[in-house]
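Each remark here refers to the structure printed beneath this line.
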Amino acid sequence: MSRTMLLLLPALVIQAGESAIPNAVEVRAGIYVLKGPPNPATCVAMKKEHITHVIDLRRDDEPDLDCESESSRLQDLGINYLRYAISKTPPAADFEFLRSVLRDMPKGSKVVIHCSNGNRAAAVVCPWLVLDKGMPVPEAMRIAAEAGMKAPETQEAVRRYLARQGRT
């Protein structure tokens with residue numbers, strides 16, 4: 001195998017392979033979007049994958065929200081829990097804050113971001129991929145869609161934010 005192919009192989013495996021965390025998509029090495037809150041099996045997989053942080057984007061009015069239980073369960077596993085509730089159409093300030101959270105993670109952190117179905121979690125990762133990791137907009141939008149960004153109004157909020165940042 002050529003040296004170039006060996007260097008590309010890890011990236012191909014991340015994009016093509018099954019996620020080690022059930023119901024999650026690894027959008028970048030160590031950054032996962034989970035479609036829904038973690039269940040006990042997901043928590044075991046997160047521990048096995050050495051996840052260090054979970055970011056919960058659900059709002060207070062969502063069904064079956066039990067942040068205390070989720071936080072306690074994750075902390076028992078040594079995983080940090082952060083809750084930052086956002087709407088289906090996040091304003092620029094939400095994108096900015098969550099980009100800064102991802103940028104400021106300690107080196108070697110592995111992060112799972114979730115909401116109730118993956119739509120918002122995938123949406124907040126998209127601008128980070130473009131603006132902080134240099135990914136082209138079409139590729140980031142495709143990855144976000146695969147990770148769960150399905151609502152047209154959420155997609156439009158992401159596009160609008162990226163356009164204000166000079167990226168289309």
Side-chain angles (χ1 to χ4, degrees), residues 9-90 94-129 132-133 135 139-155 157-158:
L9 193 55
L12 295 173
V13 170
I14 288 171
Q15 290 182 6
E18 284 292 312
S19 174
I21 300 173
N23 213 26
V25 174
E26 188 172 19
V27 297
R28 181 99 177 178
I31 306 294
Y32 296 83
V33 170
L34 179 63
K35 297 175 182 177
N39 61 33
T42 306
C43 289
V44 169
M46 287 192 299
K47 178 66 175 172
K48 185 176 179 183
E49 286 302 305
H50 307 287
I51 298 300
T52 58
H53 297 80
V54 169
I55 302 171
D56 180 355
L57 303 176
R58 294 174 297 162
R59 297 177 317 273
D60 288 343
D61 61 350
E62 295 189 41
D64 301 323
L65 180 70
D66 187 357
C67 298
E68 286 183 26
S69 175
E70 181 176 340
S71 175
S72 178
R73 185 171 59 245
L74 292 170
Q75 287 178 12
D76 287 348
L77 295 172
I79 299 172
N80 296 299
Y81 175 84
L82 168 70
R83 179 162 176 252
Y84 184 80
I86 66 169
S87 70
K88 193 185 277 188
T89 56
D94 287 347
F95 289 122
E96 292 290 330
F97 175 74
L98 289 160
R99 282 181 52 219
S100 73
V101 167
L102 290 171
R103 271 193 314 264
D104 295 342
M105 285 284 168
K107 187 172 178 71
S109 294
K110 293 178 111 182
V111 182
V112 169
I113 304 167
H114 80 84
C115 57
S116 59
N117 62 9
N119 180 62
R120 290 167 287 163
V124 301
V125 169
C126 189
W128 174 76
L129 290 171
D132 299 300
K133 296 300 176 185
M135 187 177 285
E139 183 180 355
M141 292 295 285
R142 178 188 58 76
I143 289 170
E146 289 173 6
M149 185 174 68
K150 305 292 185 210
E153 59 269 39
T154 308
Q155 294 171 2
V158 170

Crowding at NZ, K150 (>12 non-hydrogen neighbours, <6.0 Å): yes
Can you spot which of I79, D56, I21, I55 makes a side-chain contact (heavy atoms from CB on, under 4.5 Å) with V112? I21
Find the distance between NZ (K48) and NE2 (H50) and round it off to the nearest 0.5 Å. 9.5 Å
Determine whether more than 12 heavy atoms belonging to other residues, nucleotides or ligands lie under 6.0 Å from atom CG of D66. yes
For the residue pair V27 and A147, what are the closest heavy atoms and their distance? CG1-CB, 3.9 Å
So CD1 of I143 and CZ of R28: to nearest 0.5 Å the spacing works out to 9.0 Å
Please check if atom CD in E153 has more than 12 non-hydrogen atoms from other residues, nucleotides or ligands closer than 6.0 Å. yes
What heavy-atom pair brings L34 and A24 nearest, and what distance separates the two atoms? CD1-CB, 4.0 Å
Where do A45 and P22 come nearest, in terms of heavy atoms and distance? CB-CD, 3.5 Å
Quick one: does L102's side chain get under 4.5 Å of D132's, heavy atoms only? no
Separation between CD1 of I31 and NZ of K133, rounded to the nearest 0.5 Å: 8.0 Å
About how many Å separate CG of L77 and NZ of K47, when rounded to the nearest 0.5 Å? 6.0 Å
For D94 and V124: C-alpha separation, side-chain torsions, deciding distance, then whether side chain to side chain contact (heavy atoms under 4.5 Å, CB included) applies. CA-CA 8 Å; D94 287 347; V124 301; 5.9 Å; no
Atom of C43, atom of L74 and distance for their closest heavy-atom approach: SG-CD2, 4.0 Å
Would you mind reporting whether H53 and P106 have side-chain heavy atoms less than 4.5 Å apart? yes
Side-chain contact, heavy-atom cut-off 4.5 Å: Y32 with E49? yes
Say whether, by atom type as modelled, one donor and one acceptor occur between the side chain of S100 and the main chain of F97 under 3.5 angstrom. yes
Nearest-0.5 Å distance, SG of residue C115 to CZ of residue R59: 9.0 Å
Are F95 and V158 packed together at the side-chain level, in the sense that at least one heavy-atom pair is separated by less than 4.5 angstrom? yes
Got a salt bridge between R83 and E62, using NZ or NE/NH1/NH2 to carboxylate O under 4.0 Å? no
Using 0.5 Å steps for rounding, measure from the CE atom of M149 to the OG1 atom of T154. 7.5 Å
Just so I know, are the side chains of V111 and V101 near enough to count as touching, which here means a heavy-atom distance under 4.5 Å? no
Any salt bridge linking E70 with R73? Criterion: basic side-chain nitrogen under 4.0 Å from a carboxylate oxygen. no
Is there a side-chain contact between N117 and K35 in this structure, where contact means two heavy atoms from C-beta onward sitting under 4.5 Å apart? no
Can you name the nearest heavy-atom pair linking V33 to G118, along with the distance? CG1-O, 4.0 Å
Determine whether K110 and M46 make a side-chain contact, defined as any pair of heavy atoms from C-beta on separated by less than 4.5 Å. no
Tell me the closest heavy-atom pair linking P38 and H114, and the distance in Å. CD-NE2, 3.5 Å
